[in-house]
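Notes for the one structure printed next.
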Amino acid sequence: MTTRTEKYIEIPATAPGTSRIIKVVEYGDPQARPKVYLQAAIHADEVPGILVLHYLQQLLDEADAQGKIEGHVVLVPMANPLGTDQRIFGNMIGRYSFSDGVNFNRGHAELADKVGDVIADKLTDNAAANTQLIRAALTAAAHELKANDEVAFLKRTLMEHAIDADICLDLHCDSEAILHMYTLDQSWDKASDLNAQLGCEAAFLADLSGGNPFDESISTPWIALAKRFADFPIEEPPLAATIEYRGQADVYSELAIDDAQRLFAYLQRANVISGEPGELPEAKCEATPLAGVEHVRSPAAGVLVHHKQVGDQVTSGDVVASLLDPYSPFGDGMQAITTQVTGKVYSRTNVRMVGPGQVVFGVTGSEIIERQLGETLLGD
Ligand SMILES: [Zn+2]
């Protein structure tokens, strides 16, 4: 007998006569642990993860038929039907909401203060009981979030399904990129296996990246509560991570099937699915600080000519691209764009006519880079 369930949650309509839904697929006993939550494409124009979750569901269906689902799996295969419907002259704009201009993966709720007030008098010396108490309070706080518009409703719905998870993986992609991931410093002990199993080629760590992306809204309450109630035993935060499945155009079955198999093996390793995951592959990268990433920016407007591929190793001072100003009155109008750090090119823009200040490359670095006032580590 299958444990798979599907539900379709209706988002309150913004205009009469319109409707949108969020699809949620679940496997296993809803009370079982570990609970893993996966969602794809909260940035609606970041499609590769949708295909990965498609193939993961086939593997989960097979495992389910064999009675191998030990934990609870919650999947939102396409997390942002609002962004998917945002088109201008044929182009989808899936990163920011047309209604409020906010990045769909920023500004997720911070529940720590509210939950802290609720549990303040109820914590004990029993760590397991505290975990249950905190999970219940987080779930209740997520349910109570106000949702006066469709974006808030979407964000609340996703959070309601993820907030008590042991593992929360948010599947994104970059413009053009190698496979990479983001998580918290505190989570690296748990995340290093994930990094190796998925075959990530870069992994970024921060104690807080800023702007409240979805994954951090799931993990950081636990850190804040442990700090606020230092006299009580409070569990390590759940493993919440953002996985960047390469570039926007990297949507291929061969890649996605392999990615899904790797995710499935990780779920076996994490005891969500029974069965032998095989030997853990050797990690392809060490983690580096998110604060060490250089976002190489274009100094002016012009035609961008890349000289480096994603995955290339670069040294401080290397020319990574050229910028052509076809209106330049003197010389050939070409200027070099260089990197300051030594590391790996993990992403680059797929735009070829760029504006001043536009990020054109992302390079990993092991040293912390000074940021401009107010600049968050993720950018926007
Ligand atoms: Zn994204």
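Numbering of ligands and ligand atoms starts at 1, following listing order. Quick caveat: nothing in here was measured; it's all calculated off a predicted structure.
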> Going by an N to O cut-off under 4.0 Å, is there a salt bridge joining Arg246 and Asp259?
Replying inline: yes
> If you look at His172, which of its N/O/S atoms is nearest to the Zn ion (ligand 1)?
Replying inline: ND1
> Which single N/O/S atom of Glu46 lies at minimum distance from the Zn ion (ligand 1)?
Replying inline: OE1
> For residues Glu294 and Thr339, is any side-chain donor paired with an opposing acceptor at under 3.5 Å?
Replying inline: yes
> His43: which N/O/S atom is nearest the Zn ion (ligand 1)?
Replying inline: ND1
> Does Arg269 have any salt bridge (charged side-chain N to carboxylate O under 4.0 Å, His left out) partners at least two apart in sequence or in another chain, and if so, which?
Replying inline: none
>> Minimum heavy-atom separation for Val319 and Lys308, please, with both atom names.
In response: O-CE, 3.8 Å
